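Remarks on the structure that follows.
Computed from a predicted model, the values in this text were never measured in an experiment.
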Amino acid sequence: MRILMLAQFYPPFIGGEERFVHDLSVALAERGHDVAVATLWHEGLPKFEIEEKVKIYRVQGTMQRVTRLHSDPKRRHSPPFPDPETALALKQLVDELKPDIVHAYNWISYSYLPVKFWGKAKFVLSLCDHSLPCPKKKLIYKDSPCSGPSLRKCPGCAIAHYGKVTGAVTLTSHWLMNQAEKRLVDMFLPVSQSVAELSGLIKDKLPYRVVPNFVADSIGISQNQDASDYLKLLPEKDFILFVGAFGRYKGVDVLLEAYAGMTDKNVPLVIIGYQTSEYPVQTTNLPENVYVLKNWPNYAVIEAWRRCLIGLAPSTWAEPFGIVALEAMATSRPLITSRMGGLRDIVVDGETGYLVEPSNPVALREAIEKLLANSALRESMGQAARQRVNQFKASTVVPHYEAVYAELMGEKVVAV
């Protein structure tokens with residue numbers, strides 16, 4: 001099958017979506033499909049190359065030339081509307097490659113919408129965030145989970161986030177493109193049931209299949225990279241661990257409040273992540289036994305998971321999925337997470353860890369103390385967590401993508 005993936009960023013750019021599109025493209029190519037990726041060109045990168053059997057086409061965008069539109073000039077994203085040059089380049093690629101499936105991610109999909117009328121390819125759109133209902137992509141309104149888009153909330157929220165002019169343009173074009181996508185996408189692929197619900201796919205009776213993100217089959221196996229320089233920064237004794245952005249939407253402030261209320265703080269709390277401008281959390285002048293470590297590579301994070309007692313993901317927003325949860329569970333660590341978003345698809349309450357009410361430091365503290373007090377329970381939950389991860393490995397999940405493609409092409413679908 002000929003598959004054209006669309007992603008505004010692709011390696012060497014670093015990020016969760018970039019890594020996932022790469023891993024899916026490579027996995028599909030290894031399974032015998034003819035896979036190409038169309039992504040935005042940036043200075044210093046070749047316009048075309050082949051890596052790991054995947055053909056990579058980097059196309060120019062008109063809006064990329066307007067530097068002031070991008071907060072990071074080295075990472076110029078797609079606009080929230082069809083970009084003329086990008087659309088033309090995609091049409092040329094469709095004419096040349098004649099794909100059976102066009103599988104898009106994020107705002108570059110808008111530039112493909114006009115092209116769909118010229119080709120016969122089935123159009124698949126992955127939803128890895130809340131970009132369908134929300135121009136900010138997070139469904140957060142005034143620092144709290146948003147109940148959904150409305151004329152009362154969205155204009156002020158978009159302007160506060162993007163600025164007056166950019167916010168107004170982004171919101172208007174987002175609403176228009178949203179309606180166009182609902183008509184032209186042949187199959188939506190939300191990464192969790194939560195994303196399907198919050199995106200309105202069920203309410204609007206749109207075609208969709210929940211296909212989760214996946215991790216490598218080798219997840220949890222020690223890598224060859226030397227992480228010793230990072231690991232020496234960890235406490236010498238047992239600790240509990242959070243990994244993620246230092247933002248309130250990740251529940252960092254809730255976690256700190258829960259830890260402050262613990263009667264026994266002999267077990268240190270380690271927070272590994274990166275500073276974010278969105279809803280930032282103060283990470284200085286913290287209580288004793290709280291370690292804050294910044295900008296660790298993934299291989300070092302995995303080793304930190306191995307050394308901790310409990311993993312923590314107390315998000316206060318509807319996480320679309322939660323790769324970090326799978327990484328913790330793959331190292332046989334029980335996980336305490338919020339009972340919301342895609343994390344509910346991953347953690348089995350009382351079996352692989354605990355689901356607690358979001359923004360509830362007391363419930364979070366009680367769950368932590370319950371696991372710290374029972375090593376046998378931690379061990380049994382950790383083993384169950386490791387087994388649970390098998391459902392989210394590439395060899396299990398990638399066939400589900402192939403089944404969707406085959407269904408759209410009218411081919412016989414092999415049960416997976």
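- Ring pair Phe48/Tyr57 is tilted by interplanar angle, where 30° to 60° counts as tilted.
- Minimum interatomic distance between Trp296 and Val301 (heavy atoms only, all atoms of both residues): CB-CG2, 3.9 Å.
- Look at Asp349 and Arg344 and you find no salt bridge, because none of the NZ, NE, NH1 or NH2 atoms lies under 4.0 Å from a carboxylate O.
- Note: Phe239 and Tyr291 fail the aromatic proximity criterion, with ring centroids not under 6.0 Å apart.
- Annotation for Arg333 and Leu309: closest pair CD-O, 4.0 Å, computed over non-hydrogen atoms.
- Using a 4.5 Å cut-off on side-chain heavy atoms (C-beta onward), Leu312 and Leu269 make contact.
- With Asp34 as the partner, the salt bridge (Lys or Arg N to Asp or Glu O under 4.0 Å) test is satisfied by one option alone out of Arg2, Lys55, Lys98: Lys55.
- Contact detail for Pro399 and Arg31: the closest heavy-atom pair is CG-NH2, 3.5 Å.
- The aromatic rings of Phe20 and Tyr105 sit perpendicular, their planes meeting at an angle over 60°, well past the 30° parallel limit.
- Counting heavy atoms from C-beta on, the side chains of Leu40 and Ser78 come closer than 4.5 Å.
- Between Leu255 and Leu364, the shortest heavy-atom contact is CA-CD2, 3.8 Å.
- More than 12 heavy atoms of other residues, nucleotides or ligands sit less than 6.0 Å from atom CD of Gln179.
- By the 6.0 Å contact criterion, NZ on Lys53 is open, its count of non-hydrogen atoms from other residues, nucleotides or ligands being 12 or less.
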Test salt bridge (Lys or Arg N to Asp or Glu O under 4.0 Å) applied to Glu319 and Lys250, step by step: CA-CA 9 Å; Glu319 292 272 3; Lys250 290 291 187 179; 2.7 Å; yes
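- Applying the side-chain contact (heavy atoms from CB on, under 4.5 Å) rule to Ser144 yields no partners; only residues at least two apart in sequence or on another chain are considered.
- Classification of Glu49 and Arg58 as a salt-bridged pair holds, one side-chain N sitting under 4.0 Å from a carboxylate O.
- Using bins of under 30°, 30° to 60° and over 60° for the plane-to-plane angle, the ring pair Phe9/His42 lands in the tilted bin.
- By the 4.5 Å heavy-atom criterion applied to side chains, Gln225 and Asn298 are not counted as neighbours.
- Side-chain atoms of Thr396 and Gln391 include no donor-acceptor pair closer than 3.5 Å.
- The CD1 atom of Ile159 lies 11.0 Å from the SG atom of Cys154; values are rounded to the nearest 0.5 Å.
- The minimum heavy-atom distance between Ala27 and Val398, with the atom names listed, is CB-CG2, 3.8 Å.
- Atom NZ of Lys120 has 12 or fewer neighbouring heavy atoms from other residues, nucleotides or ligands inside a 6.0 Å radius.
- Using cut-offs of 30° and 60° on the angle between ring planes, the pair Tyr10 and His22 is tilted.
- With sequence neighbours excluded, the residues that form a side-chain hydrogen bond (donor to acceptor under 3.5 Å, both in side chains) with Glu18 are Arg75.
- You'll find the side chain of Leu343 stays beyond 4.5 Å of the side chain of Met340, heavy atoms only.
- For the pair Gln387/Glu351, no side-chain contact is recorded, criterion being any heavy-atom separation below 4.5 Å from C-beta on.
- Side-chain contact between Val102 and Val115 is absent, with no heavy atoms from C-beta onward closer than 4.5 Å.
- Evaluation of the salt bridge (charged side-chain N to carboxylate O under 4.0 Å, His left out) test over residues 122-134, restricted to residues two or more places apart or in two chains, returns none.
- Using a 4.5 Å cut-off on side-chain heavy atoms (C-beta onward), Phe392 and Ile323 make no contact.
- Of all heavy-atom pairs spanning Ser199 and Leu127, the tightest one is OG-CD1, 3.9 Å.
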